Colleague: 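The structure follows.
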Amino acid sequence: MLKENRRFRLVSRPQGTPQADNFSFDRQPLPVAGDGQFVVRNHYASLDPAMRGWMDDLPSYMPPIELGDAVRAATIGVIVESKTPDYPVGQWVAGLHALEDYSLGAPGGTTRRIEPAAGVPITNYLSIMGGVGLTAYFGFFEECRPKAGDTILVSGAAGAVGSLVGQMASLAGCRTIGIAGGPEKCGRILARYGFSAAIDYKGKDVKELAAAIKAAAPDGLDIVFENVGGIPLDAALLNLRKGARVALCGLISEYNAPERIGARNLWPLIPAHASIRGVLATEFMTEFPAARAQLERWLVAGRLKIDEHVETGLDQAYAAFMRLFDGRHDGKLLLKIV
Ligand SMILES: NC(=O)c1ccc[n+]([C@@H]2O[C@H](COP(=O)([O-])OP(=O)(O)OC[C@H]3O[C@@H](n4cnc5c(N)ncnc54)[C@H](OP(=O)(O)O)[C@@H]3O)[C@@H](O)[C@H]2O)c1
């Protein structure tokens, strides 16, 4: 047990792109568990685009991070002090904690005990077996309502959610087109994640990207799984097929933008009688155990591949987090704390 708690704290709200001085990395007294609580020694943290949204004081599905608090993050670690019987000392636990050595936790919400399965690395519980896997699973199977033979377009296809959606869509018998940044990532989504076609969005305006999508899907798109927004979304909306389903998972291209524009090409939804729906895995919490069991079966059987990019050190949290926005990571971005 360390004598102090190193914490990566939010000290001012970013205006646009987060800057290093929006954060402070310092040492504070160790937390002490109250009744019904535990203290977890965090081993790994998940670095997620959603964390950028939690830094803003705007209405969302979760309250903003309070100024002065450590930056909220999903973590996995081992309990070192407990005043709640079901979460004993020594237990691996995952939950929504923070970028710090030690966090206070409590049962409920997304907190859960982890019993590491043989052959499943502990980090997988923050990637494929965590929020990313569940978002891909429910976003694809529930919101996209796939049928064998459907053509699906996935933006952010080399990323954590996108790479899993592409693989699940192949398992469901869909034809998969991925959009990613640069030739290397495009090569990877074909070779490693089995996409049928890859489109590099870099340097393309809406018209050029829409033409590239049309060339890859001349009969149009049955499903759009949107992780990026902006140009990729506008281009996708120009290629909808009758009855298309657009699953809106994320809009990362807008998270650091001064204003959120949203979609500019909504009109094709009308003639296509298409739908657009938000993706929120927590709407399906009662089905999480069954979904995790399925994800684990696919993982162990080698039918789903997950890549993890691990940066090391709480003191590197800012630089590591910013990789989400310039794409300098292959797969799920994680921070190793100890
Ligand atoms: N709805 C939910 O509950 C939920 C849950 C998890 C994630 N999400 C959303 O899903 C999306 C993907 O999340 P993830 O965790 O899987 O992250 P990720 O895809 O692993 O990483 C983010 C990727 O986004 C791309 N990107 C970043 N800035 C961009 C920009 N300005 N324009 C175009 N592409 C940009 C980069 O890929 P390239 O190198 O290819 O550009 C980057 O690698 C995010 O929008 C996230 O908010 C939603």
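Order of listing sets the numbers, starting from 1, for every ligand and every atom in it. Along the sequence shown, the residues carry numbers beginning at 1. Computed from a predicted structure; not experimentally measured.
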Colleague: Within the 4.0 Å heavy-atom shell around Gly327, which atoms of ligand 1 are there?
Modeller: 36 (C), 39 (O), 42 (C), 43 (O)

Colleague: Exactly one of Arg9, Arg7, Arg6 should register a salt bridge (charged side-chain N to carboxylate O under 4.0 Å, His left out) with Glu100. Which one does?
Modeller: Arg7

Colleague: Give a yes-or-no answer on whether the side chains of Ser103 and Asn42 include a donor-acceptor pair shorter than 3.5 Å.
Modeller: yes

Colleague: Between Thr75 and His97, do the side chains contain an N or O donor and an N or O acceptor separated by less than 3.5 Å?
Modeller: yes

Colleague: Between Asp330 and Arg188, is there a salt bridge with N-O shorter than 4.0 Å?
Modeller: yes

Colleague: Please confirm whether Ala180 comes under 4.0 Å of ligand 1, counting heavy atoms of the residue only.
Modeller: yes

Colleague: Once rounded to the nearest 0.5 Å, what's the spacing between atom NE2 of His309 and atom CG of Leu334?
Modeller: 9.0 Å

Colleague: How does His329 reach ligand 1, if at all, at less than 4.0 Å between non-hydrogen atoms: by side chain, backbone, both, or neither?
Modeller: side chain

Colleague: Hey, is Cys249 one of the residues with a heavy atom under 4.0 angstrom from ligand 1?
Modeller: yes

Colleague: N/O to N/O below 3.5 Å, does that happen between Val132 and ligand 1?
Modeller: no

Colleague: At under 4.0 Å between heavy atoms, which part of Leu251 makes contact with ligand 1: side chain, backbone, both or neither?
Modeller: backbone

Colleague: Can you tell me which residue and heavy atom of the protein come closest to atom 16 (O) of ligand 1, and the distance to 0.1 Å?
Modeller: Val161 N, 2.8 Å

Colleague: Tell me yes or no: between the side chains of Asn124 and Glu296, is some donor less than 3.5 Å from an acceptor?
Modeller: no

Colleague: I need the nearest protein heavy-atom contact for atom 24 (O) of ligand 1: residue, atom name and distance, please.
Modeller: Ile252 CG2, 3.7 Å

Colleague: Would you mind running through ligand 1 and noting each atom that sits below 4.0 Å from a heavy atom of Ala160?
Modeller: 16 (O), 18 (P), 19 (O), 20 (O)

Colleague: For ligand 1, does Lys185 get within less than 4.0 Å through its side chain, its backbone, both, or neither, judged by non-hydrogen atoms?
Modeller: side chain

Colleague: For atom 13 (O) of ligand 1, tell me which residue out of Ser155, Gly131, Pro49 has the closest non-hydrogen atom.
Modeller: Pro49

Colleague: Under the salt bridge (Lys or Arg N to Asp or Glu O under 4.0 Å) test, which residues partner Arg145, sequence neighbours left out?
Modeller: none

Colleague: Pairs of nitrogen or oxygen atoms closer than 3.5 Å, one from Lys332 and one from ligand 1: do any exist?
Modeller: no

Colleague: Got a salt bridge between Arg52 and Asp56, using NZ or NE/NH1/NH2 to carboxylate O under 4.0 Å?
Modeller: yes

Colleague: If you have a sec, work out which protein heavy atom is nearest atom 4 (C) of ligand 1 and how many Å separate them, to one decimal?
Modeller: Thr135 CG2, 3.7 Å

Colleague: Please determine, by modelled atom types, if Asp307 and Tyr193 share a side-chain donor-acceptor pair under 3.5 angstrom.
Modeller: yes

Colleague: Minimum distance, heavy atoms only, to atom 41 (O) of ligand 1: which one of Tyr255, Phe325, Tyr201 is it?
Modeller: Tyr201

Colleague: I want to know whether Phe284 and Phe138 have ring centres closer than 6.0 Å.
Modeller: yes

Colleague: Which of these, Asn227, Val228, Asp326, Ile189, has its nearest heavy atom closest to atom 10 (O) of ligand 1?
Modeller: Asn227

Colleague: For ligand 1, which is the ligand I care about here, please tell me if Gly250 has any N or O atom under 3.5 Å from one of the ligand's N or O atoms.
Modeller: no

Colleague: Identify, by atom number and element, the atoms of ligand 1 in contact range of Val279, meaning under 4.0 Å from any of its heavy atoms.
Modeller: 1 (N), 2 (C), 3 (O)

Colleague: So which protein heavy atom does atom 19 (O) of ligand 1 come closest to, and at what separation?
Modeller: Gly159 CA, 3.2 Å

Colleague: Write down the atom of Asp48, the atom of Phe321, and the distance for their closest heavy-atom approach.
Modeller: O-CE1, 3.6 Å

